[in-house]
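One structure below.
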Amino acid sequence: MFVQLSHTSFAMVGIFQRSLRLRTSLRQLSFHKSTSPTDILSSLVLRGRLFPICSPFVFFSFRRTLHNSNDGPKSLSDTPPPRRPFCRVTQEDLTFFRTLLPGRAITDPDLLESSNVDWLKSVKGSSEVLLRPQTTEEVSQILRYCNSRNLAVNPQGGNTGLVGGSVPVHDEIVLSTALMNNILRFDDVSGILTCQSGCILENLSLYLEERGHIMPLDLGAKGSCQIGGNVATNAGGLRLLLYGSLHGTVLGLEVVLANGQVLDCLSTLRKDNTGYDLKQLFIGSEGTLGVITAVSILCPQKPKSVNVVFLGCETFEQLLKTFQLSRSMLGEILSAFEFLDSECLNLLRTHLKLHNPISDCPFYIVIETQGSDSNHDEEKLHNFLEEAMQSSLVVDGTVATEEAKIKALWSMRERITEALTHDGFTYKYDISLPVERIYQLVTDMRQHLGERAKSVVGYGHVGDGNLHLNITSPAKNPALLAAIEPFVYEWTAKFQGSISAEHGLGLKKRNYIYYSKSSQAVALMGTIKAILDPNGILNPYKTLPDNLR
Amino acid sequence: MSGRVLVGVKRVIDYAVKIRVKPDHSGVVTDGVKHSMNPFCEIAVEEAVKLKEKKLMKEVVVVSCGPQQSQETIRTALAMGADRGIHVEVSGKDYETLGPLQVSKILAALAKKEDAQLIILGKQAIDDDCNQTGQMTAALLDWPQGTFASEVSLEKDGIKVVREIDGGLETIKISTPAVLTADLRLNTPRYATLPNIMKAKKKKIANVKPADLGVDLTSRLEVLRVDEPPQRQAGMKVETVDDLVSKLKDAGKV
């Protein structure tokens with residue numbers, strides 16, 4: 001018997017806890033071998049030690065994997081995993097939390113609501129406890145306690161993630177870093193900023209701007225997202241083209257491990273080749289290997305000259321040629337190269353009443369330049385624009401040098417996500433592909449879906465080879481989802497792309513990891529997880545696939 | 001009605017920039033700070049260009065008074081569709097004391113020289129908030145004025161202007177030639193598109209000195225001191241109504 005659960009019915013899972021059921025007919029767990037019930041039990045024991053199984057009733061359930069089902073491919077993203085045998089929070093636990101965090105251990109269901117639902121309002125958990133530590137020591141004590149009590153913990157930053165990784169699946173305790181928002185120090189000679197992980201990205205940007213610097217990353221969620229969450233998801237964003245990824249700009253981390261141990265790798269050195277670079281493991285680990293409590297990051301100088309250009313192109317090939325031209329003529333001042341299609345512009349016009357700054361074209365480009373000399377930059381920019389217009393790569397465009405106009409042009413790209421939420425239920429895909437293939441996925445998807453979808457739009461960081469493919473429908477539509485997945489993942493795998501370029505795997509994409517990573521790689525990830533978090537209490541049900549052995 | 005429209009544009013500190021007062025309190029820091037066209041002047045340029053597009057006016061001439069950098073502001077107006085520019089060179093001490101009286105004298109002189117039918121200005125500049133140049137220019141020329149215009153229509157017997165006033169909207173009709181000052185809702189300024197930006201590079205900007213126009217720039221005003229507004233005190237959160245009452249009593253407010 002197999003029960004299909006939707007994202008919004010996690011509360012019903014509790015029903016299944018009451019009966020002891022060991023499946024007699026087990027489906028295959030992995031692609032290549034079959035598993036017996038004893039193997040499963042022994043794998044549980046293998047995780048370091050026998051953890052206290054609080055409830056005498058244990059429920060096992062295994063789903064068919066994509067490649068072994070007999071009825072054809074089935075989408076896995078609508079089926080949340082069943083609750084693992086963690087303990088439940090008791091009055092004693094609450095007393096401990098309330099003593100440790102006076103006034104900051106929240107159990108009021110109304111206050112918990114926003115921590116249980118993600119930004120897209122697509123997944124909902126049923127956590128009953130929200131903890132808000134202020135110091136690393138408090139985080140350490142929380143995790144040490146939860147590890148010994150076998151209580152699952154969901155670290156939560158700004159809750160702006162798009163793959164359901166930031167909210168509980170069942171009743172995991174939410175560990176929020178919102179109150180850990182102190183800037184510890186800033187060295188304006190080297191540009192190195194050290195701060196707690198709960199600092200909001202926009203606040204850090206404002207702080208740095210007053211000191212002649214900027215954050216090396218920027219994204220649409222900057223008003224809410226926290227730097228700890230950014231690091232945990234290895235956020236990309238709009239400036240990656242110029243400043244690189246967090247793997248390069250983060251110099252040090254302070255992480256609390258699952259057993260409460262504080263790992264101090266909070267170095268502020270540019271160069272330090274003494275042993276394995278442990279912080280890299282936590283960058284992009286999505287809260288499953290440790291809770292990041294402090295970050296030291298290298299911040300670039302605030303550019304004296306910023307220009308934004310909004311261009312229109314007739315075809316995607318011309319857009320790509322414009323990209324090549326911009327790389328050669330703008331060179332080191334090119335800091336962002338984003339694209340959007342005409343469907344995106346229609347959504348912005350319809351839902352947010354934003355007007356097209358130029359004439360209507362099939363494709364639009366947002367280019368940003370950053371440099372230290374406005375005369376130098378403007379000359380390069382004008383030469384580039386003249387060349388682009390004369391060779392008819394670009395049919396129309398406009399330039400902005402003033403902050404207000406720059407913000408207005410950027411909002412044409414940054415607010416697409418918002419416009420999509422007004423268009424209906426959105427299916428979001430964040431794909432990395434070879435640059436020349438990026439738009440082909442959009443056209444193929446449009447053809448494949450036909451009338452079944454309301455809007456199919458493509459936009460994103462074309463300069464980084466990253467497409468944001470979004471499909472909307474008036475309401476949640478399982479038939480549409482079945483048409484989209486696994487078509488989109490198989491298409492991506494065909495061209496050796498990534499099924500999640502920057503959004504991460506979270507809850508929604510955890511089982512698709514095999515489209516972009518080999519079994520050996522995923523198995524090694526599982527080993528590392530088992531070493532760092534033997535009881536699996538950190539952000540369970542996320543990032544790693546359900547059928548991991 | 002065909003003719004020439006004169007538009008005045010001012011180069012001001014960009015409205016998104018955080019203003020800092022100079023340590024000696026003589027003014028605000030302008031060195032290295034981002035400048036751009038005054039937003040109300042943008043609306044004035046847009047209105048003038050619209051009139052030309054509707055073939056109600058023949059030529060749009062844009063004027064700016066200031067140092068060398070004012071030419072950038074004129075170029076932006078040219079990229080929006082103005083035909084030619086006039087840069088009235090004022091720099092150094094003269095520029096620091098340049099105010100509405102001097103500018104309106106310059107505009108009046110130019111209007112006569114260029115035989116303009118219409119002068120359109122922004123209602124005020126966002127750096128000094130004077131809201132005087134349009135009115136003074138009209139007075140010097142003895143022309144009627146339609147200020148705080150949120151709607152302008154040229155008719156056979158004059159210009160109908162809908163003005164935004166405290167009580168609502170006032171509609172007046174004035175004869176030409178006239179001075180109009182643009183308010184926020186008159187129009188939405190267009191983005192200067194690339195083809196126009198390229199064309200603007202070739203348009204002419206004439207250089208004129210105030211002395212050539214017979215204008216005396218001496219100011220009758222002296223700025224004594226510039227200060228930042230007082231810092232807002234942070235508020236206080238209280239848990240209960242009783243708390244609030246006791247805090248108010250302590251502060252002597254109740």
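Chain letters run A, B, ... following the sequence lines, proteins first and then strands; every chain starts at 1. All values reported here derive from a predicted model rather than from experimental measurement.
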Chain A against chain B: donor-acceptor pairs under 3.5 Å:
unit_1, atom_1, unit_2, atom_2, d
Lys34(B), NZ, Thr401(A), O, 2.8
Glu42(B), OE2, Lys405(A), NZ, 3.2
Ala192(B), O, Thr398(A), OG1, 2.7
Leu194(B), N, Gly397(A), O, 2.6
Lys201(B), NZ, His382(A), ND1, 3.4

**Q.** Closest non-hydrogen atom pair between Ala404(A) and Ala16(B), with its separation
**A.**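 In terms of heavy atoms, the two residues are closest at N-CB, 4.3 Å.
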Q. Around atom NZ of Lys160(B), are there more than 12 heavy atoms of other residues, nucleotides or ligands at under 6.0 Å?
A.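 Count not over threshold, so no.
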